[in-house]
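Nothing here was measured: the structure is a model prediction, and the numbers come from that model. Chain A is the first sequence line, chain B the second, and so forth, proteins listed ahead of strands; every chain is numbered from 1.
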2 protein chains.
Amino acid sequence: MAYAEQYIEKLRKSGLRPTKQRIKICEVLFDAENTFHFTIKELVKIIENQANIKVSLATVYNTVHAFMRKGYLKEIPLNASQSYYDTNVTHHHHFFDEEENRLIDIHQDDVDEVNIKRTIPGKKIKSVEVIAKIVSDNQSQK
Amino acid sequence: MAYAEQYIEKLRKSGLRPTKQRIKICEVLFDAENTFHFTIKELVKIIENQANIKVSLATVYNTVHAFMRKGYLKEIPLNASQSYYDTNVTHHHHFFDEEENRLIDIHQDDVDEVNIKRTIPGKKIKSVEVIAKIVSDNQSQK
DNA sequence: TAATACATTATATTTATTCTAAACTGTTGA
DNA sequence: TCAACAGTTTAGAATAAATATAATGTATTA
Ligand SMILES: [Mn+2]
Ligand SMILES: [Mn+2]
Ligand SMILES: [Zn+2]
Ligand SMILES: [Zn+2]
């Protein structure tokens, strides 16, 4: 598979040598058919479940941070108690389902350009993110 | 001043008796000419500086949480390592100045209604928040 | 192979947050 | 008046995410 080479490429560009542990992390993060959102705890559990190798927490954190620095992962601040990370690094927005504690991507195309009619002198906008909180629609129709 | 009564009202509605410590917290939070953003650490420091009474961390956390439950304060998830709180509980958006680590309000009127062309079956949108990250505009004009 | 550079890991540390339990305060009613 | 009670404050302990450390392991290079 050419996958392994992609992982090695990503690791090298992140300044990391391609080791067994790091490639395993890449497999979980980037081999998925779809992008996904995760916490470090969840990532460690996924690795444990689908691999026969153990990867220490330090390695997971270090690798995730290296990928973030390089732009291969994004952090989504949602919750003060725990970081969420996103393997979808394209510009996009999110629904956050408060009942299921679940992030759902909204493609950039599905949100009209956000027009902010205010500027801060000496500053320019670097990025704009929308978070729409959603809840069950118990439309008790009369 | 009628302020004290407002505070007592807010405390009572939050299920808390108006004590010296809690009223002091209200003074800092709600007497300000303008609304503001703070971390718990900052709030404790403000109280220490402007009061002759000491308020324990536990009381500050408990009171802030009670006010959040009641909707007198909002939490702004920005940073995985520390919570930011907002005394502006109207619907509004934010600039986040990444260089100065500072939140700036954007009034709802200054952002065109965010139109999301996507729905999740069985769910409805409860709130929509925009965070625009800003950085110095070193427009090196040629 | 030997020297060196880099990685991994278990463990310790840090820090925000939450919990606990004891001391304190204000209210109530005999 | 004052004892009982409910609620409050507090210091300190516990928890848990994140980060740092330092010893051991592995790969690369000369
Ligand atoms: Mn909280
Ligand atoms: Mn981080
Ligand atoms: Zn996403
Ligand atoms: Zn605000």
Q.
Set out, in order, the CA-CA distance, both residues' side-chain angles and the distance that settles salt bridge (charged side-chain N to carboxylate O under 4.0 Å, His left out) for A:Lys117 and B:Asp112, then state yes or no.
A. CA-CA 8 Å; A:Lys117 292 172 264 183; B:Asp112 290 340; 3.0 Å; yes
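Between B:Ile8 atom CD1 and D:dT8 atom P there is a gap of 14 Å when expressed in whole angstrom units. Look at CD on A:Glu75: it is 13 Å from C1' on D:dT19, rounded to the nearest Å. The interatomic distance linking A:Ile53 (CD1) with C:dA7 (P) rounds to 15 Å, in whole Å. Atom P of nucleotide C:dA16 and atom NZ of B:Lys45 are separated by 11 Å, given to the nearest angstrom. Following rounding to the nearest Å, B:Met68 (CE) and C:dT17 (P) show an atom-to-atom distance of 10 Å. The distance from atom CD of A:Glu48 to atom P of C:dT9 is 11 Å, rounded to the nearest whole Å. Following rounding to the nearest Å, A:Asn62 (CG) and D:dA20 (C1') show an atom-to-atom distance of 10 Å. Atom CG of B:Leu16 is separated from atom P of D:dG7 by 12 Å (rounded to the nearest Å).
Between A:Arg12 and B:Lys54, it is B:Lys54 whose nearest contact on DNA chain D lies nearer the 5' terminus. When each of B:Gly15 and B:Ser81 is assigned the nucleotide of DNA chain D bearing its nearest heavy atom, the one mapping closer to the 5' terminus is B:Gly15. Mapping B:Arg17 and B:Ala58 onto DNA chain C by nearest heavy atom places B:Ala58 closer to the 5' end of the strand.
Considering only side-chain N and O atoms, A:Tyr61 lies under 4.0 angstrom from the phosphate OP1 or OP2 of D:dA18. Contact annotation: A:Thr59 reaches the phosphate of C:dT9 (side-chain N/O to OP1 or OP2, under 4.0 Å). Side-chain N/O atoms of A:His65 include none lying less than 4.0 angstrom from OP1 or OP2 on D:dA18. Within the 4.0 Å cut-off from OP1 or OP2 of C:dT17, at least one side-chain nitrogen or oxygen of B:Ser83 is found. Residue A:Thr19 places none of its side-chain N or O atoms closer than 4.0 Å to OP1 or OP2 of C:dA7.
You'll find that the side chain of A:Gln21 is closest to C:dT8, out of D:dT9, C:dT17, C:dT8. Residue A:Arg22 places its side chain closer to C:dA7 than to any other of D:dT10, D:dT8, C:dA7.
Across all strands shown, B:Thr39 has no heavy atoms under 4.0 Å from either base or sugar-phosphate atoms. Within the 4.0 angstrom heavy-atom criterion, no nucleotide atom of any strand lies near A:Leu57.
The two residues B:Glu98 and B:Lys133 come nearest to each other via the heavy atoms OE2-CD, 3.1 Å. Here the shortest heavy-atom pairing between B:Ile53 and B:Gln21 reads CD1-CA, 4.0 Å.
Using the six-membered ring where Trp is involved, B:Phe30 and B:Tyr7 have ring planes that are tilted, between 30° and 60° apart.
In this structure, B:Glu27 pairs ionically with B:Lys24, as a charged nitrogen and a carboxylate oxygen lie closer than 4.0 Å.
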